[in-house]
A.B. asks: 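Can you read through this structure? Questions will come right after.
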Amino acid sequence: MNHLELPPTATVWREGDPVANRQFADVGELALEFGTVLPAVTVAYETWGTLSPDRNNAILVEHALTGDAHAAGSTQAGQLTPGWWDAIIGPGKAIDTNVWFVVAANVLGGCQGTTGPGSLAPDDRPWGSRWPRISVRDQVATEARLADELGITSFRAVVGGSMGGMRALEWALLYPQRLESAIIVATGAAATADQIALQTAQIEAITTDAAWQGGDYYATGSQPTSGLGVARRFAHLSYRTEAELHERFGTQPQPDEDPHTDFISGRHPGAGRFAVQSYFDHHASKLAERFDAGSYVSLTDAMNTHDVSRGRGDLEQVLGGVQVPVWVAGVDSDRLYPIRLQEQMCDLIPQAAPLTVITSKHGHDGFLVESQAVGDFITKALQ
């Protein structure tokens with residue numbers, strides 16, 4: 001198959017050298033769940049493997065909140081980060097690209113080539129504050145349009161963790177005729193009060209940053225990186241576990257810094273930090289280098305409204321109507337998407353296999369860190 005290699009009509013938030021393997025598809029106008037219409041949507045995506053002549057070996061891999069289409073591969077040839085599931089996707093790996101044709105798309109509202117808040121609106125100005133509210137269902141509808149462009153009528157599986165798992169579940173509800181199975185890791189069928197509260201705090205951290213400028217900071221030379229950094233700290237704390245942070249850092253100072261002085265970190269220049277403070281500072285600045293605050297707000301809000309039962313009936317009824325086989329895994333130490341949420345899906349979905357529990361000290365991030373266990377789970381599901 002000749003993959004689409006269209007010129008990007010969306011603005012990649014972080015400009016630079018062209019990213020290797022990134023391709024673009026114009027999927028047209030999109031009516032959104034909450035009432036707005038996007039006049040034109042471009043999707044950035046990557047593929048691995050070869051689509052079979054009868055086009056029955058495609059797998060869609062769904063990224064999480066700050067991921068993108070670069071699910072596999074190195075940092076070379078213009079890539080900003082290594083593939084976030086590189087240990088899972090590739091020749092001879094759990095998602096074997098000698099067998100499967102793998103597609104990963106940057107989500108609607110993202111900042112790595114797919115139309116989002118930093119993209120140009122029809123008036124050639126960034127969407128900014130005019131960017132409409134989007135939902136997980138809108139993101140799935142966009143991916144279905146991409147599948148149409150690629151000539152894929154059905155996926156062998158849709159696979160995702162965290163926010164990607166939300167989309168995999170919505171695929172099973174919106175397009176049951178277009179996938180043979182859903183493989184879901186570390187997520188739930190609906191946002192919980194705890195998640196909404198935590199995610200709203202992250203949004204507030206960004207939107208109360210003076211550099212946010214009501215969402216219209218694009219091309220002003222100022223970006224709300226401070227607020228984005230605070231949001232990342234909140235998020236990363238929920239991704240890991242208390243036990244792991246204690247074991248890894250304890251109350252040790254950062255090398256060559258003294259946190260036990262009259263200077264308070266964050267209030268006085270040169271103040272010493274604890275090692276764990278340095279760790280969170282690093283993750284905050286690392287995200288600000290590659291991710292757009294506007295996308296972070298839009299995607300986090302989409303997670304807040306995630307609820308497969310919205311407008312469809314009660315949760316038991318909706319999950320009871322899932323028509324495709326579903327495989328679910330959870331991480332035993334996940335405090336953001338606790339095991340009870342995966343148990344709920346397995347209990348209520350008639351086509352669900354027994355829950356797979358992944359043992360990890362890393363919390364929610366276990367779905368990214370525990371490559372062997374997650375890979376074994378996916379291999380079993382695909383078989």
A.B. asks: Any chance CG of Asp54 has more than 12 other-residue heavy atoms, nucleotides or ligands included, within less than 6.0 Å?
C.D. replies: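 For Asp54, atom CG is crowded (more than 12 foreign heavy atoms under 6.0 Å).
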A.B. asks: Can you see whether Asp194 engages Thr192 through a side-chain donor-acceptor pair at a distance of less than 3.5 angstrom?
C.D. replies: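 Asp194 vs Thr192: no donor-acceptor pair found between side chains.
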A.B. asks: Mind checking side chain to side chain donor-acceptor pair (under 3.5 Å) for Gln254 and listing every partner two or more places apart, or none if nothing turns up?
C.D. replies: Ser278
A.B. asks: So His283 and His236, would you call those rings parallel, tilted or perpendicular, with 30° and 60° as cut-offs?
C.D. replies: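 His283 and His236: parallel rings.
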A.B. asks: Would you call the rings of Phe367 and Trp85 parallel, tilted or perpendicular, taking 30° and 60° as the class edges?
C.D. replies: perpendicular
A.B. asks: Compute the centroid of each ring, for Phe274 and then for His260, and state whether the two points are separated by less than 6.0 Å.
C.D. replies: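 Centroid distance Phe274-His260: below 6.0 Å, so yes.
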A.B. asks: Do the side chain of Asn57 and the main chain of Thr50 share a donor and acceptor less than 3.5 angstrom apart?
C.D. replies: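 Looks like yes, one N/O pair under 3.5 Å.
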A.B. asks: Relative to each other, are the rings of Tyr175 and Trp171 parallel, tilted or perpendicular (30° and 60° limits)?
C.D. replies: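 The rings of Tyr175 and Trp171 sit tilted, inter-plane angle from 30° to 60°.
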A.B. asks: Whether Asp281 and Arg233 form a salt bridge (side-chain N of Lys/Arg under 4.0 Å from carboxylate O of Asp/Glu) is what I want to check.
C.D. replies: yes
A.B. asks: Please confirm whether the backbone N or O of Val136 pairs with a side-chain atom of Arg167, one donor and one acceptor, at under 3.5 Å?
C.D. replies: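 No, because the side chain of Arg167 does not come within donor-acceptor range (under 3.5 Å) of the backbone of Val136.
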A.B. asks: If you count heavy atoms of other groups shown closer than 6.0 angstrom to CD of Glu316, is the number above 12?
C.D. replies: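 Count not over threshold, so no.
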A.B. asks: Going from CZ on Phe291 to SG on Cys111, what distance comes out if it is rounded to the nearest 0.5 angstrom?
C.D. replies: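 Those atoms lie 4.0 Å apart.
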A.B. asks: Less than 4.0 angstrom from a charged side-chain N to a carboxylate O is my criterion; do Glu244 and Lys361 meet it?
C.D. replies: no
A.B. asks: So, for Val308 and Val318, which heavy atoms are closest and what is the spacing to 0.1 Å?
C.D. replies: O-CG1, 3.5 Å
A.B. asks: Please check: side-chain N/O of Asp365 versus main-chain N/O of Leu368, any donor-acceptor pairing under 3.5 Å?
C.D. replies: no
A.B. asks: Please name the residue in the list Gln112, Arg22, Glu46 that meets the side chain to side chain donor-acceptor pair (under 3.5 Å) test with His70.
C.D. replies: Glu46
